[in-house]
Peer 1: 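One structure coming up, written as structure tokens, with questions to follow.
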Amino acid sequence: MADESGSEDSRPASALTLQVEALARAAELGGGLLPDAEIAAAIAVVDKAGERLRHGTRHTVVAIAGATGSGKSSIVNRLAGVEFSDSSVRRPTTSLTHAVIWDAEDAAGLLDWLDIKRRHQVSGERADRFDGLILLDLPDHDSTAVEHRLEVDRLVELVDVLVWVTDPQKYADEALHAGYISRLSHHGDMMRFVLNQVDRLDDGGMELAGDFARLVEADGIADPHVVSVSALTGAGFTELESVLEASVTSRAASIERLQADVSVAATELHRGSVDVDVAKRQRKALIAGLGESAGSARASEVAAAHHQRKGILAMGWPFTRFIRRLGRKPLSELPGPGRNAAAEPRTDLALRDFAQDVSTTLEPPWPGQVRNAAMSQRDELIDDIRTSIGSAAVAAGTAPRWWGLIVWLQRVLALTAVVGLVWLLVVAILGGFFHFDTDPLLPPTPEADWMPLPSAMLIVGALAGLLIGLLVRIPLGVGSARRGRAARKAIESSVSRLADERVVAPVEALLERQQEIGQLLDRAIG
Ligand SMILES: Nc1nc2c(ncn2[C@@H]2O[C@H](COP(=O)(O)OP(=O)(O)OP(=O)(O)O)[C@@H](O)[C@H]2O)c(=O)[nH]1
Ligand SMILES: [Mg+2]
């Protein structure tokens with residue numbers, strides 16, 4: 001970062017630059033994931049830090065702030081040794097911020113950025129008293145004039161050091177404690193506390209300074225130091241001057257203030273983010289849940305039944321086949337999302353359970369984001385599971401080769417039986433009705449001369465067909481069970497692949513992003 005003076009140690013500035021860059025990157029990555037207001041606040045801090053650092057650390061901007069009439073202008077005048085600022089008994093007096101500058105070189109850009117028009121340069125013997133101090137005499141923060149408060153609020157965000165001036169009447173005011181000090185408690189290092197008008201008190205302000213310090217401590221400032229002064233008599237000014245001197249000589253106040261800003265913004269964004277991975281157990285539970293929603297167990301039963309039925313239809317006794325054809329097709333009963341009203345809610349439940357399980361240690365807004373990521377491809381997931389069940393069913397329905405042989409055998413046997421039957425009918429009609437000599441039409445069966453050939457054809461054809469139809473059920477049962485298991489396996493393996501592709505991967509990508517943001521924010525916090 002540019003350091004206009006070039007003389008001071010640039011290490012804190014480069015540390016701050018790294019913190020600012022980390023915050024900027026985290027805000028960029030967190031866009032759409034983290035709350036908009038906090039992202040906007042982080043970006044505002046990044047912009048402000050860039051602007052302030054552009055003006056270098058040669059100057060330290062110290063704002064003298066406080067209640068109306070507490071003596072801010074009087075203190076500034078005494079420090080400058082000149083009556084630059086109006087101070088009067090008529091309130092409020094200061095309505096425009098004044099800048100009193102100890103080293104005007106290169107201060108113009110900084111004062112332009114601070115938007116301060118009224119500028120005075122300290123000259124004479126006090127000109128060398130402070131190194132690069134720009135003292136701002138602010139309007140009253142508790143003014144009846146709204147624009148005064150707005151001006152104070154604006155500058156509180158921009159200055160490097162804030163000196164709160166109060167007096168024996170106003171040191172406990174809510175407007176100061178709740179309105180500013182406790183709200184800025186994360187910026188404790190940039191605040192100083194002054195009790196003015198102690199000339200009015202018998203003990204030089206000892207007791208009230210202690211009370212004020214306790215109230216400031218209750219606001220969240222650790223171990224606060226209160227400087228008791230009198231702008232009227234000059235009491236306590238040696239101490240006040242050394243406090244200011246300490247703030248300016250290090251030339252680090254601007255850096256420290258910005259570091260506190262970056263740290264507060266990063267901490268706000270960091271809320272709820274911790275290192276989380278998708279555990280094996282969580283992935284398994286998701287796959288089981290999706291498998292259940294897909295109805296893989298039922299799908300395997302249906303696939304087995306379908307195979308069995310198809311086998312019987314193809315290879316069973318042809319004469320009873322037509323009766324069986326009247327039955328319903330089990331394939332149409334295959335379950336799965338889209339075919340089964342309960343499947344979609346079950347898929348949603350599996351996805352929500354998974355998201356919840358993964359985000360147990362996360363805090364808002366991350367659990368919601370994990371759920372969004374888990375649900376991001378829900379419709380595609382349901383379609384894909386449906387397709388995978390369909391293809392498992394098709395695979396279960398394909399006929400093995402040996403069926404073809406039996407089908408032909410059954411056809412030959414059926415044909416034999418039919419030919420035998422027709423033959424016998426012809427013989428019966430010719431012999432019965434027309435008294436035709438049918439003997440030549442009934443040649444004996446070779447090897448069994450008591451049975452004519454057509455009878456043998458009918459009996460053998462029918463009985464062998466029936467027997468084969470019954471016997472094929474044994475290998476068919478085994479085959480069907482295997483098909484059922486294969487269908488189940490196929491569905492389960494596609495469900496697990498789909499779970500990885502469509503659920504685990506988006507959630508893991510989100511968690512990786514969350515971790516990356518977390519690491520950047522850790523770096524930003526410093
Ligand atoms: N007794 C006493 N009076 C003081 C002291 N400091 C300031 N005063 C008086 O208090 C009155 C207000 O002082 P200012 O310096 O104008 O106070 P201010 O905080 O700048 O007031 P605003 O600009 O209106 O916010 C003036 O009449 C001062 O003379 C002090 O230490 N002791
Ligand atoms: Mg004033």
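For reference, positions follow the sequence shown, starting with 1. Note that ligands are numbered from 1 as they come in the structure, with each ligand's atoms numbered from 1 the same way. Note that the structure is a prediction, hence the values are computed from the model and not measured.
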Peer 1: Quick one: does Lys170's side chain get under 4.5 Å of Ser70's, heavy atoms only?
Peer 2: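 They are not in side-chain contact.
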Peer 1: Which atoms from ligand 1 have a heavy atom of Asp199 less than 4.0 Å away?
Peer 2: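 Numbered from 1, ligand 1 contributes 1 (N), 2 (C), 30 (C), 31 (O), 32 (N).
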Peer 1: Backbone or side chain, does Ser73 get an N/O/S atom under 2.8 Å to the Mg ion (ligand 2)?
Peer 2: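 For Ser73, the answer is yes, given that an N, O or S atom comes within less than 2.8 Å of the Mg ion (ligand 2).
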Peer 1: Are any non-hydrogen side-chain atoms of Arg378 and Asp348 less than 4.5 angstrom apart?
Peer 2: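 They are in side-chain contact.
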Peer 1: Taking distance alone, with N or O pairs closer than 3.5 Å, would you say Gly69 contacts ligand 1?
Peer 2: yes
Peer 1: Report, in ascending order of atom number, the atoms of ligand 1 lying under 4.0 Å from any heavy atom of Ser70.
Peer 2: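 This gives 19 (O) as the contact atoms.
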Peer 1: Using distance alone, decide if ligand 1 has a nitrogen or oxygen within less than 3.5 Å of any nitrogen or oxygen in Val229.
Peer 2: no
Peer 1: Does a side-chain N-to-carboxylate-O contact under 4.0 Å join Arg283 and Asp500?
Peer 2: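 Counted as a salt bridge, because a side-chain N and a carboxylate O are separated by less than 4.0 Å.
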Peer 1: Show me which atoms of ligand 1 lie under 4.0 Å from any heavy atom of Ser74.
Peer 2: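 So the atoms of ligand 1 that pass are 6 (N), 7 (C), 13 (O), 14 (P), 15 (O), 28 (C).
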Peer 1: Heavy-atom distances under 4.0 Å decide this one: backbone, side chain, both or neither, for Leu232 against ligand 1?
Peer 2: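 Both the backbone and the side chain of Leu232 come within reach of ligand 1.
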Peer 1: Any atoms of ligand 1 less than 4.0 Å from a non-hydrogen atom of Thr68? List them with their elements.
Peer 2: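 The list of qualifying atoms is 24 (O), 25 (O).
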Peer 1: For residues 212-219, which side-chain donor-acceptor pairs fall under 3.5 Å, sequence neighbours excluded?
Peer 2:
unit_1: Arg214; atom_1: NH2; unit_2: Asp211; atom_2: OD1; d: 2.7
unit_1: Asp219; atom_1: OD2; unit_2: His177; atom_2: ND1; d: 2.6

Peer 1: Applying salt bridge (charged side-chain N to carboxylate O under 4.0 Å, His left out) as the test, list every pair that has at least one member in residues 368-377; sequence neighbours left out.
Peer 2: none
Peer 1: Regarding ligand 1, does Val198 bring an N or O atom to under 3.5 Å of one of the ligand's N or O atoms?
Peer 2: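 N/O-N/O distance under 3.5 Å: no.
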Peer 1: Report, in ascending order of atom number, the atoms of ligand 1 lying under 4.0 Å from any heavy atom of Ala231.
Peer 2: 6 (N), 30 (C), 31 (O)
Peer 1: Looking at side-chain heavy atoms only, is the closest gap between Pro365 and Leu34 below 4.5 Å?
Peer 2: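 Of all side-chain heavy-atom pairs linking Leu34 with Pro365, at least one is under 4.5 Å.
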Peer 1: For ligand 1, is there an N or O atom under 3.5 Å from any N or O atom of Asp137?
Peer 2: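 The answer is no, given that Asp137 and ligand 1 share no N or O pair closer than 3.5 Å.
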Peer 1: Using only atom types and a distance under 3.5 Å, with no angle test, would you say the side chain of Asn196 pairs donor to acceptor with the backbone of Asp167?
Peer 2: no
Peer 1: Record the part of Ala67 in heavy-atom contact with ligand 1 below 4.0 Å; permitted values are side chain, backbone, both and neither.
Peer 2: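 Within the 4.0 Å criterion, Ala67 contacts ligand 1 through backbone atoms alone.
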Peer 1: Do the charged groups of Lys48 and Glu51 touch, with an N to O distance under 4.0 Å?
Peer 2: no
